[in-house]
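Worksheet: one structure, shown below.
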Number of protein chains: 2
Amino acid sequence: MASDMATSLKVERKPKLSETVVAAIRKQLQAGEIQPGQKLPTEGQLTETFGVSRTVIREALAKLAADGLVEPRQGAGVFVTEHISTMFGALAADMGSKDSIALNVLEVRLAIEIESAGLAAVRRNAAQEAGIQEAFFEFERLLLNSEPTGPADLAFHRAIASATNNPFYVEMLDVLGRRAIPCDVTSPWSTELAQSDVYQRGLQREHLVILNAITAGDAEAAREAMRAHLTASQQRYRERLHARQVFYADSVKAAATE
Amino acid sequence: MASDMATSLKVERKPKLSETVVAAIRKQLQAGEIQPGQKLPTEGQLTETFGVSRTVIREALAKLAADGLVEPRQGAGVFVTEHISTMFGALAADMGSKDSIALNVLEVRLAIEIESAGLAAVRRNAAQEAGIQEAFFEFERLLLNSEPTGPADLAFHRAIASATNNPFYVEMLDVLGRRAIPCDVTSPWSTELAQSDVYQRGLQREHLVILNAITAGDAEAAREAMRAHLTASQQRYRERLHARQVFYADSVKAAATE
DNA sequence: CCGAATTTGTACGTATGTATA
DNA sequence: CTATACATACGTACAAATTCG
């Protein structure tokens, strides 16, 4: 059973040549060995240096292009994309496509919630405003009792969506939320970090800014506060993904040395 | 060889076989012809039905998989993932007819497009920027020739969504756009007003502001320009609804006096 | 439990078109 | 105009995983 011969690791069943190439090139790009706008080696050169067929090289380049890291131009060559520094792609490219999809979905959710916050600020009625506040204080209560705050967090966002008086916002939130990450604190990510007090305290602080803007009827401020909250959540999510990646890498390494 | 083929498509450059296959399969998926969880035809069958090589089929499937629409499993087949668009398809199917729904959907679309414009400003690469410009000038050309500009308008917005490098924005736009108003100028609303020159000229002016902001890389300006454009579109849509209402009232009155 | 058939994954070779330099 | 290099496409072969008899 301990056949370290064909050690196809449980986590990574695919050594996959093209992935190896992708990883190698990606590393070079992140190290800045090839500056943005510069041309990569030709496919022919790459086939030589990596010792694989052109098909593999093409597949690898296609994957990189799909992530937006490089931009092939017919007849000229493959060039490094200019604005990779700002885009999450640089980070997203590190992980599998599934996580990349989750991030993309989260981003769409961000777009929707930003606008819903702005609309809630100008459209909410008394009952809806009360509903948002109620969710906020419920979060507070759970926090003090050290109970899981996940549902309250979701309820807070849901109340805001509801206050737009556009039922589609709630629908969208439900659909997106169920599918990919209820913003924060949940599911496969029940790490200590996510559950830590200071972490949730930070969330609540961001929630308060949103709440104040909405009760003040300031749409612009509400949008800005929600944007800040969700971009911060995105960042936290990325960090958690990265942590998992490191964990995986370690476990692979451990398995290999066995 | 009088094989002038099927070059009836207006796409000037790349028919691109794999893209054709992608579009065809995507259409089937969105139409719900293959339910989530179901298996697609095998690669061999697809090569036969489409009359192309397996390479093309594989490339097309790779793209669909990159977008998270399908999930290939070695030895078993390619399966449809439960996807947001299908959920929205079912969601929007219930309420396609009512105008108030249409307005609400338009509002959600507004949220999505505002953010996509901002993202496009900072993430677009050269090719994507060219695509947006191309759509813009296509609109211009059609305007001068007094041809219907609807498709070009849609293409402009679609190009911007595409420039976010987040395929979900395009997905959402496709789903929402089909169900409820392609922004402006189309479908049940082919009034003289909608087709008037000054009207479309105004649209193009708004488009220009968006285009300039994106090419300048100014995310905030892009968002603001898109917001202005879509809220103006909302307003125009409401006015058209009102106009129809008046027309209806008049006809009722006329019928009554008869 | 095993093995054969099916289906996708990977790989290589080749040919032609097309844009760039 | 020519040469280079990428884009597209087809064909083939074998490997690996799954399914099912």
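Letters A, B, ... are given to chains in the order of the sequence lines, protein chains preceding strands, and every chain is numbered from 1.
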(request) Just do the side-chain contact (heavy atoms from CB on, under 4.5 Å) check on A/Val78 and A/Leu64 with the steps written out, would you? (result) CA-CA 10 Å; A/Val78 182; A/Leu64 289 171; over 6 Å; no

For the pair made of [atom1] in [X] and [atom2] in [N], what is the distance, rounded to whole Å?
| X | N | atom1 | atom2 | result |
| --- | --- | --- | --- | --- |
| B/Lys39 | C/dT6 | NZ | P | 12 Å |
| B/Glu59 | C/dG9 | CD | C1' | 16 Å |
| B/Lys16 | D/dA9 | NZ | P | 8 Å |
| B/Ile57 | D/dA9 | CD1 | C1' | 12 Å |
| A/Arg54 | C/dG13 | CZ | P | 12 Å |
| B/Phe79 | C/dT7 | CZ | P | 11 Å |
| B/Glu71 | C/dG9 | CD | C1' | 15 Å |
| B/Leu61 | C/dG9 | CG | P | 8 Å |

(request) Mind listing the residues from residues 41-49 of chain A sitting with a heavy atom below 4.0 Å of DNA chain C? Number order is fine. (result) none

(message) Among D/dT8, C/dT8, D/dC10, which nucleotide has an atom closest to any side-chain atom of B/Val56?
(response) D/dC10

(message) Please pick, from C/dC12, D/dC6, C/dG9, the nucleotide with the shortest atom-to-atom distance to any side-chain atom of A/Val52.
(response) C/dC12

(request) Return yes when atom CD of B/Gln28 has more than 12 non-hydrogen atoms of other residues, nucleotides or ligands closer than 6.0 Å, and no otherwise. (result) yes

(message) For a quick check, tell me whether the side chain of B/Arg73 and the base of C/dG9 share a donor-acceptor pair closer than 3.5 Å.
(response) no

(request) Using side-chain contact (heavy atoms from CB on, under 4.5 Å) as the criterion, point out the one residue from B/Ile25, B/Val22, B/Leu29 that pairs with B/Leu69. (result) B/Leu29

(request) Test B/Ile210 against every option in B/Thr215, B/Ile160, B/Leu230, B/Ile132 by the side-chain contact (heavy atoms from CB on, under 4.5 Å) rule and name the one that passes. (result) B/Ile160

(message) Can you work out whether B/Leu40 or B/Thr55 has the more 5'-proximal nearest nucleotide on DNA chain C?
(response) B/Leu40

(message) List the residues meeting salt bridge (charged side-chain N to carboxylate O under 4.0 Å, His left out) with B/Arg223, not counting sequence neighbours, and say none if there are none.
(response) B/Glu115, B/Glu220

(request) For B/Glu129, enumerate each residue passing the salt bridge (charged side-chain N to carboxylate O under 4.0 Å, His left out) test, keeping only those at least two apart in sequence or located in another chain. (result) B/Arg124

(request) Verify the contact: side-chain N or O of B/Arg58 to OP1 or OP2 of C/dT8, cut-off strictly under 4.0 Å; return yes or no. (result) no

(message) If the cut-off is 4.0 Å, is B/Ser53 near the phosphate of D/dC10, judged by side-chain N/O to OP1 or OP2?
(response) yes

(message) Between the side chains of B/Arg26 and B/Asp67, is the shortest nitrogen-to-carboxylate-oxygen separation below 4.0 Å, so that they form an ion pair?
(response) yes

